[in-house]
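To keep things clear, I will list the structure first and then write my remarks on it.
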Amino acid sequence: MVSNKSAGEQVRVRFAPSPTGRLHIGGARTAIYNWAFARATGGVFVLRIEDTDPDRSTEENTQIILRALRWMGLDWDEGPEVGGPFGPYIQTKRTHIYAEALEKLKAKNAVYPCFCSKEELEQKRAAAEEAGKAYIGYDKTCRDLDPAVAQTRIDAGEPHVWRLRVPEGHEPIEFDDAVYGHMSFPADVMDDMILVRSDGSPTYNFAVVCDDTDMRITHVIRGDDHLSNTPRQILIYEALGYPIPTFAHLSMILGPDGKKLSKRHGATSVEEYRDEGYLSDTMVNFLALLGWSLDGETTIIPRDVLCEKFGLNRITKKDAIFDETKLTWMNGVYIREMTPAAFVEAARPWLCKAAGCDDDGFFEGHRVWFEKLYPLLAERLVRLDEIPDKIAFLFWGNNIILDADSVDKTLKKEGCRAKEALLACRDVLADTSISWNFEALQDACKALCEPMELKPKLLFQPLRVAITGNMVSIPLFESIELMSRENVLARIDYTIDHVFEQ
RNA sequence: GGCUCUGUCGUCUAGCGGUUUAGGACAUCGCCCUCUCAAGGCGGAGAUCGUCGGUUCGAAUCCGAUCAGAGCUACCA
């Protein structure tokens, strides 16, 4: 077996999604590993679109995947839209590569045309299953057709595929997987697989081998659903006489019930997580840790550390369950580490939603004001989409929507002296000699506690309900500072009128 | 059916024959802080390392068997 990994050679890896849907969590993790490995080794990260399935591949999906990768910050060195020396990077535009490879195989008699129709094959399979034995593979009907006869049928326009002529008595196919270790597969169970379909298009196994070779890929890092395909591909590499890259297979990502992750489990694409208010830093960190560890102790691993320390040697073989709880916790950590400016930028959709206005002028005009919100919000958020609920009250103007439960528990509670407290605070907040700044206002209100013989809680909670509408809110006086005196006084007046005067 | 892989707290994981009374993180429980909610600090509980047998003075770590789960076995990728 030849290895294509000579010492000192630059690492070239690739992420090769098929555009049959959005970028799935599992695919995103594969992309992250490839990207991080390239960055850690000073290698090249290639993006290739595998759209050889004409029925399911769409240009729209390709765009969705590119957008998702960009959002995660996984920049590719070669691929769609950035080009590179081994393009094009979209399989349907590389048909000449596969055609040349097929000619090469024909010349070596390593392939043969097969005229069995899909229907015939399916019948045989069904018959085998009924007979009790499961289908053993293609029965090689066309393998030994007389070449001249075959050529005549081809010339007559009879539909045919091209199959690999797997050498008889081939020794077990062996390779060293970077994560699974030494692998050995008996060759006699390998089918004479189809390389080129009757419409002339290449099948997956054939296309990957041609492309990975052509693009000088040194390490194939992909999902372990391809582990069993690897010996098949090695057979193709051998037939073509191409050097074999290093393989690294990644375990699967499962849903909470231990079954393959699917829509049934909720969000499965990175875009859905983005729309729920997860940060791209969170996604990269969390997914990187699903199947890989830095040292077994560190959980928060910023992307620059990932890019420096990532390696194939600490990848797990075990399937991992995708636990959203931990993802959510981690998102909170990253939110707390942001700068106010970065926060406002990332949170724009939800900030605007809270304000009920999303035009550019409004947003730009409120940037500074929004940044002041960051410290109040950061330690209470775990997802960005929680923002509207927490700050909506700031945009109510002179109006106030009182939460019934909060009113009962803090304003109408027996002996709580809420009305008295509100009146006293109102006087402080109406006093224009006190500067409109949260510390000054807070100190002035707090000074009321002693003479009134009220615990801070009994003074502040009624005020909180009167101004925010709820007994649970972001910090009270910081919020007041961000509102106008007019709005604040109006809300207190309204609350006093409506709660206490029947 | 055949081929192949996996199996450590609920979850992600560390562990590579003795330094392990199996470490960390999330979740959970308790306490502290506190004008709410959080965040933060401290502490607790939680894994006889799938099971059984073997090798060894000694095994989560090596070997065998067994069970359970997964992938592949397509003119899908």
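On a predicted model such as this, the values are computed, not experimentally measured, just so you know. Numbered from 1 within each chain, the chains take letters A, B, ... in sequence-line order. Every heavy atom of this structure was used, including side-chain atoms; hydrogens, water molecules and symmetry mates were not.
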* **Pair partner, rA70(B) [Watson-Crick or wobble, under 3.5 Å]** => rU4(B)
* Structure fact -> Regarding the side chain of I194(A), the nearest nucleotide among rA39(B), rC75(B), rC3(B) is rC75(B)
* Is there a Watson-Crick or G-U wobble partner for rU36(B) with both distances under 3.5 Å, and which nucleotide is it? -> none
* Would you please name every residue forming a ring pair (Phe, Tyr, Trp, His ring centres under 6.0 Å) with W76(A), sequence neighbours left out? => none
* Structure fact -> Among the nucleotides rA70(B), rU6(B), rA38(B), whichever has the atom closest to the side chain of K318(A) is rU6(B)
* Asked: CH2 of W292(A) to CG of L250(A): how many Å apart, nearest 0.5 Å?
  -> 12.5 Å
* Asked: What is the base-pairing partner of rU55(B), counting Watson-Crick and G-U wobble geometry with both distances under 3.5 Å?
  -> none
* For atom C1', what is the distance between rC37(B) and rU20(B), given to the nearest Å? -> 41 Å
* Structure fact -> Nearest-nucleotide check on RNA chain B, P475(A) vs K118(A); residue mapping nearer the 5' end is P475(A)
* Asked: Taking all non-hydrogen atoms of both residues, which atom of G296(A) and which atom of R314(A) are closest, and how far apart?
  -> N-NH2, 3.8 Å
* Asked: Can any side-chain N or O of T468(A) pair as donor or acceptor with the backbone N or O of R464(A) at less than 3.5 Å?
  -> yes
* Structure fact -> Closest to the side chain of Y180(A), out of rC5(B), rU36(B), rC72(B), is rC5(B)
* Asked: Which base sits across from rC26(B) as a Watson-Crick or G-U pair, both distances under 3.5 Å?
  -> rG10(B)
* To do: Would you please name every residue forming a ring pair (Phe, Tyr, Trp, His ring centres under 6.0 Å) with Y204(A), sequence neighbours left out?
  => H226(A)
* Pairing residues for A28(A) by the side chain to side chain contact (heavy atoms under 4.5 Å, CB included) criterion, not counting sequence neighbours -> L23(A), M72(A), V270(A), L287(A)
* Below 4.0 Å: OP1/OP2 of rG40(B) and any side-chain N or O of R336(A) -> yes
* Given rC75(B), rG71(B), rU6(B), the nucleotide with the shortest approach to the side chain of K260(A) -> rG71(B)
* To do: Mind listing the residues from residues 449-461 of chain A sitting with a heavy atom below 4.0 Å of RNA chain B? Number order is fine.
  => P456(A), K457(A), F460(A), Q461(A)
* **Nucleic acid contacts - residues 381-394 of chain A versus RNA chain B, non-hydrogen atoms under 4.0 Å** => none
* Using a 4.0 Å cut-off on protein heavy atoms (strictly under), produce a 5'-to-3' string for nucleotides 18-26 of chain B with B for base contact, S for backbone-only sugar-phosphate contact, and - for none. => -----BBBS
* Asked: Closest to the S18(A) side chain: rA77(B), rC37(B), rG71(B)?
  -> rA77(B)
* Asked: Of all the nucleotides listed (rC72(B), rC37(B), rC75(B)), which has the minimum atom distance to the side chain of S228(A)?
  -> rC72(B)
* Asked: Of the candidate nucleotides rU13(B), rU11(B), rA77(B), which contains the atom at the shortest distance from the side chain of T316(A)?
  -> rU13(B)
* Checking only heavy atoms, does the side chain of D225(A) share a donor-acceptor pair with the base of rA77(B) at less than 3.5 Å? -> no
* Between rU36(B), rA74(B), rC12(B), which nucleotide gets closest to the side-chain atoms of R464(A)? -> rU36(B)
